[in-house]
Amino acid sequence: MRTVPLIGYSDRLSARPGEKIEFKVSSKSKLDYTVNLYRSINADPNPAIGGLVEEDCNHLFKPIKVPSREQRFYPGSYAKTAIPLKVEASESLSLSCKCCPTFLAKREQCLMSISDISLSIGRNGNLNLSSQWGTVELRCRLSERNWYQVEGKISIAGNITITCQEIQRRKRTFESIIKIDTIGAINFGSSLTVAARINQNIAKQHFNGKIESPAITVDSLPLAKWDFSRGMKTSNVFGTDCPELQLINYPTRAVKSSTWDGSEMNWTHKPEHYAAIHFHEDDIYDFGWETDFTFEIPKIMDSGIYLMKIRCDGNEDSIPFFVCPQIGNRQAELCVLVSTFTYSIYGNHARPDYSDSWQEKIKDWKAYPYNPAEYKDYGLSTYNYHSDGSGICYASHKRPLFNLRPGYITFGNSKCSGLRHFPADSHLIAWLHDKKISYDIITDNELHNEGFEAIKEYPMVTTGTHPEYHTSNTLDALMSYRNSGGSLNYLGGNGFYWKIARQQQDPDILEIRRAEDGIRAWASEPGEYYQSFDGKYGGLWRRNGRPPQQLVGVGFTAQGTFIGMPYKRSTHESNMDWIFEGIDEDIIGDFGFSGNGAAGFELDRVDSKLDEGQDIQIIAQSYDTEKDFMLVPEEQLTHLTNMSGGLEDNVRRADMVYFDVEGGGNVFSTGSITFCGSLPWKNYDNNISRLLANVFSKRLGPIKYSV
């Protein structure tokens with residue numbers, strides 16, 4: 001396992017004054033590491049923008065030294081009984097389950113184990129039962145993605161038997177028996193483990209695949225049997241008159257089991273067809289590290305983005321967190337909504353185009369040096385696959401997230417800064433500081449938990465570059481805000497796109513089901529479109545009747561490579577002149593640190609069939625004249641037709657829009673993910689910067705434009 005010499009994470013991403021954040025660190029050094037607090041202003045390492053800008057905050061947190069210690073982590077999901085089982089067998093003991101292997105790696109994979117008895121799939125794909133009395137192996141090799149009923153039985157009279165029956169296809173039965181010496185009664189107390197084997201308190205031999213109905217039989221009578229369709233929304237599995245199983249590292253639930261026949265797609269309607277759990281050797285969501293130090297947010301601390309910077313032995317890490325104001329005591333007129341759900345969903349995205357050649361640029365720029373493509377054991381993102389080829393559907397910030405770091409470069413071979421998410425959003429933050437615009441931070445977590453109350457007092461709310469992932473709570477809050485007189489600004493692209501769920505026991509775990517449509521890194525299997533955490537249909541919000549156009553007037557229409565284009569002013573109506581005050585040219589944003597243009601990478605457009613019938617004014621547009629973009633799948637019908645009913649060339653575009661809402665609210669949307677990357681150009685003195693200053697001035701009052 002390749003690990004980083006100094007790295008950490010926090011138990012929460014955001015907090016308010018009086019609340020505490022716990023920091024967990026692993027350091028391989030023998031020296032103490034130092035801890036300093038900084039405020040993050042600009043997280044773009046590009047020398048052309050001036051590099052990282054961070055303000056020392058020693059007045060809020062006195063620097064400390066902490067003893068180094070290496071904290072380990074262990075990928076791989078499994079289930080374990082909450083308390084040991086008492087086994088007293090005078091005739092026989094058997095372990096049984098249904099299984100569907102999905103990756104027959106050339107190593108031992110354990111299906112069930114208790115004490116020193118293990119029912120496993122061997123290196124060659126052969127089923128075996130091992131114990132202190134001997135090992136029996138089936139000669140036939142299991143195949144991937146086939147269901148089997150398997151049983152291993154130890155008879156006191158002197159036999160060890162293993163049986164395997166194909167549940168589907170040819171339904172053949174295989175059996176192997178070995179003779180052993182007669183043994184005495186089998187008596188022990190031990191925890192049962194499913195999908196792994198515990199060795200010296202560490203889970204090993206992880207199974208890749210689905211398991212259903214694990215059971216232990218003693219003297220031909222059931223001692224314990226578990227129904228994996230029970231407790232679906234939790235991290236526990238309940239059995240019949242036996243201890244519950246605790247799920248470790250969040251294996252995937254609400255997946256098709258051996259009896260699924262396509263008659264029901266919603267697991268809540270027919271749970272017996274979803275009575276399996278999909279385990280993976282690379283599942284990991286909460287490292288479970290011990291806390292090294294704690295920080296209580298002082299009452300005098302301004303709302304903003306902060307970093308706990310740790311340094312030791314020539315190594316450094318910056319752990320970001322977001323400080324929100326006290327409830328009911330906003331510090332500014334403007335609220336910046338930080339998309340922490342999106343950050344987590346993308347957390348540790350290992351891009352397939354990553355190359356170690358990027359490291360030269362990273363070193364020159366003094367950018368963040370680590371990339372998840374090189375450290376996959378830290379757990380990948382929901383934009384990656386498990387080792388068995390299934391999509392990763394759960395995400396969490398309770399582990400180090402490399403791309404949630406200042407200076408992290410997403411596109412290392414681009415001719416611009418090549419940023420996304422947290423570092424890209426800092427272009428807006430840096431612009432606010434340059435223009436001396438006060439702001440408060442609210443994250444998705446507060447918006448989900450507190451709803452409209454979290455933002456209702458702000459005259460203006462703005463997103464960053466990519467508010468893609470939302471719960472029904474966050475969408476409801478933003479809609480209520482907009483309809484109650486608030487000014488909502490959407491400064492990105494591909495926003496409000498995917499529906500996610502939070503786990504009730506641990507809300508920091510997020511779930512995404514990539515159902516049917518959308519630009520997808522992977523596709524959920526048919527029958528697995530309903531979320532395990534709440535039983536509701538997943539996928540696109542558009543597929544759930546809430547397209548982005550309903551909220552912000554535009555929605556995702558086209559995606560390209562990380563390039564940008566300029567906008568062209570599309571209206572000269574006098575009622576929109578205020579947005580273009582001080583801007584003489586019609587071509588705007590033909591520059592930028594993201595894609596080299598204000599309209600790029602992911603584009604949103606107006607669609608009157610999907611909005612709420614508002615009087616939406618398109619104030620500027622950018623068309624893909626070079627054909628560098630493709631329509632998103634939900635827009636494409638055939639090779640000749642698309643959902644617009646017109647030419648494809650007409651809908652591969654970004655629309656910058658403005659509209660008023662009944663009740664006094666209004667919406668400004670840029671329709672592009674690279675818009676904010678143009679704000680810092682020429683030391684923040686450019687037409688995109690001026691345009692946004694004009695928009696913000698409508699609610700915030702006059703804004704200093706020139707430097």
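Each residue takes its place number in the sequence, starting with 1.
Among residues two or more places apart in sequence or in another chain, the ring pair (Phe, Tyr, Trp, His ring centres under 6.0 Å) test is passed with Tyr408 by none. Evaluation of the side-chain hydrogen bond (donor to acceptor under 3.5 Å, both in side chains) rule for Gln205 yields no partner, not counting sequence neighbours. Applying the side chain to side chain contact (heavy atoms under 4.5 Å, CB included) criterion to Ile362, with sequence neighbours excluded, gives Trp358, Gln359, Ala367, Ile409. With sequence neighbours left out, Arg513 forms a salt bridge (Lys or Arg N to Asp or Glu O under 4.0 Å) with Glu511. Checked against salt bridge (Lys or Arg N to Asp or Glu O under 4.0 Å), Glu108 has no partners two or more places apart in sequence or in another chain. When the ring pair (Phe, Tyr, Trp, His ring centres under 6.0 Å) test is applied to Phe402, the partners found at least two apart in sequence or on another chain are Tyr375, Tyr378. With sequence neighbours excluded, no residue forms a salt bridge (Lys or Arg N to Asp or Glu O under 4.0 Å) with Lys233. Applying the side chain to side chain contact (heavy atoms under 4.5 Å, CB included) test to Asn236 and every residue at least two apart in sequence or in another chain returns Thr234, Phe238, Glu244, Gln246, Gln505. Residues satisfying the salt bridge (Lys or Arg N to Asp or Glu O under 4.0 Å) test with Glu635, not counting sequence neighbours, are Arg542, Arg605. A search for side-chain hydrogen bond (donor to acceptor under 3.5 Å, both in side chains) contacts involving Asp628 returns nothing, not counting sequence neighbours. Taking Phe533 as the reference, Tyr394 meet the ring pair (Phe, Tyr, Trp, His ring centres under 6.0 Å) condition, with sequence neighbours excluded.
Pairs of residues two or more places apart, or lying in two chains, never qualify as salt bridge (charged side-chain N to carboxylate O under 4.0 Å, His left out) while including a residue from residues 261-271.
The aromatic rings of Phe422 and Phe322 sit perpendicular to each other, their planes meeting at more than 60°, with 30° as the lower class boundary.
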